[in-house]
*Asks:* 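Dropping a structure here in structure tokens format, bear with me for questions.
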Amino acid sequence: MQEVRGSQLNYLEERLNEYNYLGKSRSDDPDDEHSPIFFKKDKFELIESSTFWLSETPDKQSKGWDAALNRIVSWGKFKEIDTDKIFFYFNTHFDHMGENARLESVRLLKKKINQIADNNDFIVTGDLNFDPSTEYYELLTKQDTSAANLADVSQFNSETQANIKGTYNGFDHDKEAIGPIDYILVKPTISVKSFNVVDTLYNGRFPSDHFPVIAELELIAE
């Protein structure tokens with residue numbers, strides 16, 4: 001999830017009884033923005049988790065480069081209970097103003113995934129505040145021998161590509177959504193079964209100013 005305030009997190013935790021979550025505030029204020037990961041507690045065991053900052057000093061609370069705000073990556077190491085399969089999940093929200101911050105955030109994210117996940121499967125989700133036409137996206141999906149390689153699940157085949165839509169609606173029914181700027185990315189060895197942007201209305205309204213993105217993935221047993 002994205003842009004979740006502490007009060008909203010408490011509300012969700014009380015009502016999503018089948019789930020646990022991980023994640024922390026991007027600042028000392030517990031009601032500040034989180035990038036939490038919710039997971040079904042009967043399907044996945046959380047082994048380890050942490051948060052790092054998208055900055056020159058990722059191991060401590062900080063604002064990086066030309067960013068307008070603190071930005072974080074929360075991650076967890078999980079075991080799928082039925083199969084004992086290990087995988088890592090990273091969730092982030094890139095800065096909306098700092099151009100250099102977005103570029104350096106891509107580099108840091110790929111480097112950190114490589115260090116943390118090692119050779120294990122991984123999934124990355126986030127509001128990255130850039131679309132696929134940008135240099136940021138090119139760097140994000142570029143194959144690299146010194147950092148993690150990330151594959152955009154929407155690009156896996158013609159069926160997933162047919163479901164690509166803008167993901168930022170701004171609560172405006174009359175304009176075409178911008179983007180996509182929200183992504184699901186995976187280690188290329190993960191099997192992608194489906195991908196969709198959920199642009200339906202709820203009681204005649206958009207539930208959020210961003211459309212949710214959803215993918216069905218299969219971890220390949222070793």
Side-chain angles (χ1 to χ4, degrees), residues 1-41 44-78 87-117 122-130 136 140 148 150 167-171 179 181-185 206-214:
M1 298 184 183
Q2 293 297 334
E3 299 187 30
V4 182
R5 299 287 177 172
S7 57
Q8 295 170 323
L9 199 58
N10 293 335
Y11 176 91
L12 292 166
E13 185 182 18
E14 288 174 3
R15 286 158 178 79
L16 297 177
N17 297 319
E18 297 178 5
Y19 293 81
N20 284 333
Y21 79 92
L22 67 89
K24 64 182 296 181
S25 171
R26 66 185 177 185
S27 73
D28 288 332
D29 180 0
D31 200 44
D32 201 353
E33 179 178 309
H34 297 62
S35 292
I37 300 167
F38 279 76
F39 58 95
K40 281 196 169 182
K41 52 192 177 185
F44 303 103
E45 177 187 343
L46 179 62
I47 298 172
E48 181 183 0
S49 67
S50 189
T51 293
F52 63 86
W53 278 259
L54 292 170
S55 75
E56 298 93 329
T57 53
D59 295 330
K60 64 180 181 180
Q61 184 188 133
S62 49
K63 182 171 67 175
W65 307 288
D66 57 349
L69 298 164
N70 285 9
R71 300 296 185 179
I72 57 175
V73 179
S74 290
W75 64 268
K77 179 181 181 180
F78 292 94
F87 69 97
F88 287 76
Y89 195 116
F90 299 81
N91 191 35
T92 187
H93 183 189
F94 281 11
D95 199 66
H96 65 303
M97 295 294 292
E99 294 184 6
N100 190 46
R102 287 194 291 275
L103 191 64
E104 293 301 330
S105 292
V106 171
R107 293 190 175 116
L108 180 61
L109 177 64
K110 295 184 71 169
K111 178 182 176 183
K112 282 285 195 177
I113 292 172
N114 202 43
Q115 293 173 348
I116 295 167
F122 61 80
I123 301 164
V124 183
T125 52
D127 171 2
L128 303 187
N129 274 311
F130 57 74
Y136 314 119
L140 182 72
L150 280 64
T167 58
Y168 177 70
N169 61 63
F171 292 113
I181 63 172
D182 302 274
Y183 297 92
I184 302 171
L185 305 116
F206 290 138
S208 168
D209 60 344
H210 289 240
F211 292 136
V213 290
I214 184 170

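All values below were derived from every heavy atom in this structure, side-chain atoms included, with hydrogens, water molecules and symmetry-related copies excluded.
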*Asks:* Please determine whether side chain to side chain contact (heavy atoms under 4.5 Å, CB included) holds for the pair S35 and Q2, giving the CA-CA distance in whole Å, both sets of side-chain angles, and the decisive distance to 0.1 Å.
*Replies:* CA-CA 5 Å; S35 292; Q2 293 297 334; 3.6 Å; yes

*Asks:* With W53, which of R71, K63, K60, Q61 fulfils side chain to side chain contact (heavy atoms under 4.5 Å, CB included)?
*Replies:* Q61

*Asks:* Between R5 and D29, does at least one N-O distance fall below 4.0 Å, as a salt bridge requires?
*Replies:* no

*Asks:* I'd like to know if the side chain of N70 reaches the main chain of R26, judged simply by a donor and an acceptor atom lying under 3.5 Å from each other, with no hydrogens or angles considered.
*Replies:* yes

*Asks:* Give me the ring orientation class for F206 and F211: parallel if the planes are under 30° apart, tilted from 30 to 60°, perpendicular past 60°.
*Replies:* perpendicular

*Asks:* Do F90 and I116 come close enough that some side-chain heavy atom pair is under 4.5 Å?
*Replies:* yes

*Asks:* Are any non-hydrogen side-chain atoms of Q8 and E33 less than 4.5 angstrom apart?
*Replies:* no

*Asks:* With side chains defined as the heavy atoms from C-beta onward, is the minimum distance between L54 and L108 less than 4.5 Å?
*Replies:* yes

*Asks:* So, taking the atom named OG in S208 and the one named CE in M1, what distance separates them when rounded to the nearest 0.5 Å?
*Replies:* 11.0 Å

*Asks:* Starting from the C-alpha separation in whole Å, work towards a yes-or-no answer on side chain to side chain contact (heavy atoms under 4.5 Å, CB included) for S74 and L22.
*Replies:* CA-CA 8 Å; S74 290; L22 67 89; 4.1 Å; yes

*Asks:* Check the surroundings of atom CD in E18: do more than 12 heavy atoms from other residues, nucleotides or ligands lie under 6.0 Å from it?
*Replies:* no

*Asks:* Where do D32 and S25 come nearest, in terms of heavy atoms and distance?
*Replies:* CB-OG, 3.3 Å

*Asks:* If you measure from OG1 on T51 to CG on D59, what distance do you get to the nearest 0.5 Å?
*Replies:* 11.5 Å

*Asks:* Taking the side chain as every heavy atom from C-beta outward, state whether L16 and Y21 have any atom pair closer than 4.5 Å.
*Replies:* no

*Asks:* Quick one: do D127 and H210 satisfy side chain to side chain contact (heavy atoms under 4.5 Å, CB included)? Show the steps, please.
*Replies:* CA-CA 9 Å; D127 171 2; H210 289 240; 3.2 Å; yes

*Asks:* Can you tell me if T167 uses its side chain to pair, donor with acceptor, with the backbone of D182 under 3.5 Å?
*Replies:* yes

*Asks:* Shortest non-hydrogen contact from D95 to G98?
*Replies:* OD2-N, 2.8 Å

*Asks:* Looking only at the side chains, is there a donor atom on one of Y89 and T125 sitting less than 3.5 Å from an acceptor on the other?
*Replies:* yes

*Asks:* For a quick test of reading the model, state the closest non-hydrogen atom pair linking G64 to A101 and the distance between them.
*Replies:* O-CB, 4.1 Å

*Asks:* Counting distance only, does the side-chain N/O of S105 pair as donor-acceptor with the main-chain N or O of F94 below 3.5 Å?
*Replies:* no

*Asks:* Can you measure from CG (D66) to CD (E99) and round to the nearest 0.5 angstrom?
*Replies:* 7.5 Å

*Asks:* Does the side chain of F122 reach to within under 4.5 Å of the side chain of W75, using non-hydrogen atoms?
*Replies:* no

*Asks:* For N91 and P36, indicate whether the former's side chain and the latter's backbone hold a donor-acceptor pair under 3.5 Å.
*Replies:* yes

*Asks:* Kindly determine whether L9 and F38 satisfy side chain to side chain contact (heavy atoms under 4.5 Å, CB included), including the steps that lead there.
*Replies:* CA-CA 10 Å; L9 199 58; F38 279 76; 3.9 Å; yes

*Asks:* Find the distance between CG (L109) and NZ (K111) and round it off to the nearest 0.5 Å.
*Replies:* 12.5 Å

*Asks:* Does one side chain, of H96 or N129, offer a donor that lies under 3.5 Å from an acceptor on the other?
*Replies:* no

*Asks:* How long is the span from the OG atom in S55 to the CD1 atom in I72, to the nearest 0.5 Å?
*Replies:* 11.5 Å

*Asks:* Atom CD1 in I123, atom CZ in F88: separation rounded to 0.5 Å?
*Replies:* 12.0 Å

*Asks:* Quick check against the 3.5 Å criterion: does N20 have a side-chain atom that pairs as donor or acceptor with the backbone of K41?
*Replies:* no

*Asks:* Answer yes or no: is there a side-chain heavy-atom contact under 4.5 Å between E56 and W65?
*Replies:* yes

*Asks:* Look at atom NZ of K112 and say whether more than 12 heavy atoms of other residues, nucleotides or ligands are closer to it than 6.0 Å.
*Replies:* yes

*Asks:* Just wondering, do T92 and L128 contact through their side chains at under 4.5 Å, heavy atoms?
*Replies:* yes

*Asks:* Any side-chain heavy-atom pair from Y19 and F44 closer than 4.5 angstrom?
*Replies:* no

*Asks:* F78 vs F87 aromatic rings, parallel, tilted or perpendicular, using cut-offs 30° and 60°?
*Replies:* parallel

